[in-house]
Amino acid sequence: MEETIQKTQTEKIKPPVVSIGIIGWVKANLFNGWFNSALTIVTLYLLWKTIPPLFRWAFIDSVWRTTGAACRDTGGACWSIVTENLRFILFGFFPYELQWRPLLAILILFALLFFSRDRKYWKKLLGYAWIAGLFIMGLLMKGGLFGLTPVESTQWGGLPLTLLLSVFGLTAAYPLGVVLALGRQSKMRAIKLICIVYIELIRGVPLISLLFMASIIFPLFLPEGLTINKILRAQVAIILFTAAYIAEVVRGGLQGMSLGQYEAAESLGLNYYLTMRLVILPQALKIVIPPTVSILISAFKDTSLVVIIALYDLLKTTQTVLSNPEWMGFSREVYLFVAILYFLGCFSMSNFSRKLEKELSRGD
Amino acid sequence: MVSLPSENIMGNNISEKTPFWLDPKKRSIFFQLLTLCMVGLLGYYLVSNTLQNLERQSIATGFGFLQKESSFEIGESLVDYSAASSYGRALIVGALNTLYVSSVGIIITVILGTFIGVSRLSSNWLVSKLASIYIEVMQDIPVLLQLFFWYAIFYETFPSPRQALNPVPGLFVCNRGVAFTIPEAHSAHAYMALAFFAAGIIVYLLRRWSRKRQERTGQLFPVFRVSVGLLLGLPLLTWWMAGAPTELNMPKLVGFNFIGGLTLSPEFIALLLGLVLYTAAFVAEVVRAGIQSVSKGQTEAAMSLGLRPPMVLNLVILPQALRVIIPPLTSQMLNLTKNSSLAVAIGFPDFVSVANTTINQTGQAIEGVALIMLVYLIFSLLTSAFMNWYNKRAALVER
């Protein structure tokens, strides 16, 4: 029975072995044409020259839990600088026995961010969860209530400070940016002018000049006796800076709205506030989600600039470790570690943006 | 109870005058006045506070300090400068250093970024993957961290000047910087620069002429080959006519450091490396997007008209891709210039770093920060003026 079927079927001719499977793939993607073949060989040679020694340095010859002195005798990477100083790098001068508090705050933040990834959860509840979360995080950092020992903000440092500057910077900059964008599109000349001057002025200068302003000049602006804490001043500078960039992105979205939307809203009898809130902004802000995320990414990276005005963020605690004679000279390892932390943060944000872009372009 | 304006129109009392708070024109004037007043009051409050504080702390005001003696040294300078020079001159030195590092950085970035962007689109899987890894990784690490990293690498990896690495004759690498051999200064060099400039003008005129001729008669002129020939040939001819000076200025180890040749400091190299490697990742994305924006049909159409590949690139693809590439590319260049202000963190004497020293010495923070902002504003206004000009010129004219 089986044989008859076999016979009636036409004989299947498989494609030649060199054009399918791994060989076919290699041929099509790496060795199509003499130029690509040469390119592949040169690249492979370069990789072979660099990757194995690097791997050897990072994993085989490396030491993970030793003292600084022991590190100097090995030829490989001294990851001990990271493992031995991890808590200082991550939490700075936060009292040692209380460091579970910033850790918990970071975990809460990550949990909130994780749930915010999915648009399914974008409901009122998530908004309340954020408000409650931010409050709890602030409480954990600051202490003073419910029997938590108060911790001065001058002792905050490391990763919590970096995250604090970015999260509060972004949440405050976003509404400000939207207001500025609306102002720039406004028909009222004076308001439009103020917004344009503000946006162009801020976008024209480097963040570092604003941070200088916050750290040196801002105290001069205040009446005698009134001082504002340094972290807050840097935070304000970051907010003012990011808002200008967000404003430009949002303006792009507003300009992308067709005039018909405004006219339709007007013909329904909506006033300016309602038109914006119910018709224009929900659509405009949705268009600009991907560019907004890239602004968020650069704002996250830019928080590292507070090193220059001597705030103890992640980068500054790292440098403090390096200035300790015991660990001097192991910059590569510890900077790589910090780079990985930043990379993970930015990469997950940009991945999120790509995912969102795909979802939005699908039209749901 | 305030009624909506629509009710006024719909209702029967149309003839009744609209109350002034419902008249959009008057309302808008009121809001504008209110905003202006608030901004003005805020400004007045801040200025009066500042003036009081300045007086109380007896800080001098005004730009008089620019003429005073600076009494600090600057590591590297393009013009004559010493501690006896004025603050004004120190700031000029800083501004020139900023311009220097950004212009060198921009040139290298554009070349490297284009290379990576094209590699990203390569049909070679390995090359394209490596390029995309580079782009993703470099974009996601703060540029300041990269600067620190390269600076530390320089200090920790390379030996002291006495044991300087000497990979090729005339090039020394040590932790004090990189020393190159350069041609001995000769009057011919100035003439060569002049000849190069003249060749540039001739090339520009030649291109215009050839385009006009092509539009009129259809005849082609080998512009590219002639341009390259002119740009290289004229300076070489000048060099030969000036007696072909071939003397070299070799760096020599004297005491603890290299004398002679051209020495680039570790700060400069770390700054340049960090800025270039970081910005090149963004430029690569810009270039990739630009090339991908020209649809494949354009290439096929041009080919079917019988154009050869270089002409397809030159006449069809590049003009369209550049329209997409140039605006974001300019803003990346501006970003590089603004990021060069991070030099202050690794001690390269750029404008911000010199201004910072000035602020610390004179205490005149307001003037110092205002100068920083002013200089960068000028840079960015010039850039956006260029961009507007280019956009107007390159904008798609649709019929």
Side-chain angles (χ1 to χ4, degrees), chain A residues 25-26 28-30 32-33 35-36 39-40 43-44 47 187-191 194 200-201 203-210 212-213 216-217 219-224 269 271 297 300-305 307-308 315 318-319 322 329-332 335-336 338-339 342-347 350, chain B residues 4-6 28-29 31-33 35-36 39 45-46 49-50 52-54 56-57 59 122-127 130 136-137 139-146 148-149 151-153 155-157 337-342 344-345 352 355-356 359 365-366 368-369 372-373 376-377 379-381 384:
Chain A
W25 183 87
V26 165
N29 289 297
L30 296 176
N32 46 340
F35 179 73
N36 261 346
L39 206 60
T40 307
T43 318
L44 281 177
L47 284 181
K187 286 196 191 81
M188 303 183 198
R189 287 248 184 88
I191 291 177
I194 291 173
E200 293 304 324
L201 194 73
R203 278 162 43 93
V205 299
L207 174 57
I208 200 175
S209 63
L210 287 185
F212 275 152
M213 204 157 151
I216 328 173
I217 301 186
L220 291 175
F221 283 164
L222 299 175
E224 199 182 345
N271 61 17
I297 292 175
F300 176 60
K301 284 185 293 179
D302 281 347
T303 55
S304 62
L305 263 60
V307 169
I308 294 168
L315 205 48
T318 309
Q319 287 192 316
L322 280 172
F330 299 111
S331 321
R332 268 171 294 186
Y335 281 145
L336 275 178
V338 178
Y342 273 107
F343 175 78
L344 289 178
C346 296
F347 187 67
S350 63
Chain B
L4 287 171
S6 51
S28 112
I29 291 174
F31 276 128
Q32 297 189 45
L33 281 179
T35 319
L36 281 180
V39 172
Y45 175 72
L46 294 182
N49 275 338
T50 311
Q52 273 175 16
N53 283 325
L54 288 177
R56 195 164 41 82
Q57 301 175 5
I59 299 173
S122 163
S123 61
N124 189 318
W125 180 84
L126 193 64
V127 171
L130 281 179
E136 191 65 60
V137 168
Q139 280 189 343
D140 286 353
I141 297 172
V143 60
L144 186 61
L145 179 56
Q146 297 195 25
F148 284 146
F149 182 79
Y151 191 54
I153 288 267
Y155 259 90
E156 290 172 10
T157 313
T337 312
K338 282 194 280 181
N339 280 337
S340 75
S341 62
L342 299 179
V344 66
V352 172
N356 193 28
I359 292 172
I366 297 179
V369 175
I372 296 176
M373 291 185 158
Y376 280 95
L377 267 184
F379 286 152
S380 56
L381 285 182
S384 60

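Every chain is numbered from 1 and lettered A, B, ... according to where its sequence line falls, protein lines coming before strand lines. Both backbone and side-chain heavy atoms feed into the values below; hydrogens, waters and symmetry mates do not.
Remark: the backbone N or O of A/L207 is not paired with any side-chain donor or acceptor of B/K338 at under 3.5 angstrom. With B/Q32 contributing its side chain and A/M188 its backbone, the two residues share no donor-acceptor pair below 3.5 Å.
Distance OG1/A/T40 to CG/B/N124: 3.5 Å, rounded to 0.5 Å. Here A/L201 contributes atom CG and B/S380 contributes atom OG; the two are 9.0 Å apart, rounded to the nearest 0.5 Å. To the nearest 0.5 Å, atom CG of residue B/L342 and atom OG of residue A/S304 are 8.0 Å apart. In this structure, A/M213 CE and B/M373 CE are separated by 5.0 Å, a value rounded to the nearest 0.5 Å.
Looking at B/N339, neither its backbone nor its side chain comes within 4.5 Å of chain A, counting heavy atoms on both sides. Both the backbone and the side chain of B/E136 have a heavy atom closer than 4.5 Å to some heavy atom of chain A. Proximity to chain B is absent for every atom of A/L344, based on heavy atoms less than 4.5 angstrom apart. Using a 4.5 Å cut-off between heavy atoms, B/V137 touches chain A through backbone and side chain atoms alike. Contact of B/L145 with chain A is made through backbone and side chain together, with heavy-atom distances under 4.5 Å. Residue contact with chain B, scored on non-hydrogen atoms closer than 4.5 Å, is absent for A/T303. With a 4.5 Å cut-off on non-hydrogen atoms, A/I308 touches chain B through its side chain but not through its backbone. With a 4.5 angstrom heavy-atom cutoff, B/L130 touches chain A only via side-chain atoms. For B/L46, the parts lying under 4.5 angstrom from a heavy atom of chain A are both the backbone and the side chain. Using a 4.5 Å cut-off between heavy atoms, A/E200 contacts chain B through its backbone alone, with no side-chain atom that close. Heavy atoms closer than 4.5 Å to chain B are found in the side chain of A/I208, but not in its backbone. Interface residue A/R189: backbone and side-chain heavy atoms are both found under 4.5 Å from chain B. Of the two parts of B/T50, the backbone and the side chain both hold a non-hydrogen atom closer than 4.5 Å to a non-hydrogen atom of chain A. Heavy atoms of B/L381 lying under 4.5 Å from chain A are absent altogether.
Between A/R332 and B/I153 there is a side-chain heavy-atom pair separated by less than 4.5 Å.
Closest of all the heavy-atom pairs between A/I217 and B/A365 is CD1-O, 3.7 Å. Pairing each heavy atom of B/V352 with each of A/F212, the nearest pair is CG1-CE1, 3.5 Å. Of all heavy-atom pairs between A/A339 and B/I141, the closest is CB-CD1, 3.9 Å.
In this structure, B/F149 and A/Y335 have perpendicular ring planes: the angle between them is above 60°, well past the 30° mark.
Ranked by heavy-atom pairs under 4.5 Å with chain B, the list A/S350, A/S331, A/P219 is led by A/S331. Among the candidates B/A345, B/S384, B/S341, B/A152, the residue making the largest number of heavy-atom pairs closer than 4.5 Å to chain A is B/S341. Most heavy-atom pairs under 4.5 Å with chain B, from the set A/I297, A/L315, A/L44, A/L210: that is A/L315. Most heavy-atom pairs under 4.5 Å with chain A: of the set B/I29, B/L377, B/N49, B/V39, this distinction falls to B/N49. In terms of non-hydrogen atom pairs under 4.5 Å with chain A, the most contact-rich of B/L144, B/V344, B/I372, B/T337 is B/L144.
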### Task
Apply the test side-chain contact (heavy atoms from CB on, under 4.5 Å) to residues A/T318 and B/F148: give CA-CA distance (whole Å), side-chain angles for both, the deciding distance (0.1 Å), then the verdict.
CA-CA 11 Å; A/T318 309; B/F148 284 146; over 6 Å; no
### Query
Where do A/Y342 and B/D140 land on the side-chain contact (heavy atoms from CB on, under 4.5 Å) test, with the steps shown first?
CA-CA 7 Å; A/Y342 273 107; B/D140 286 353; over 6 Å; no
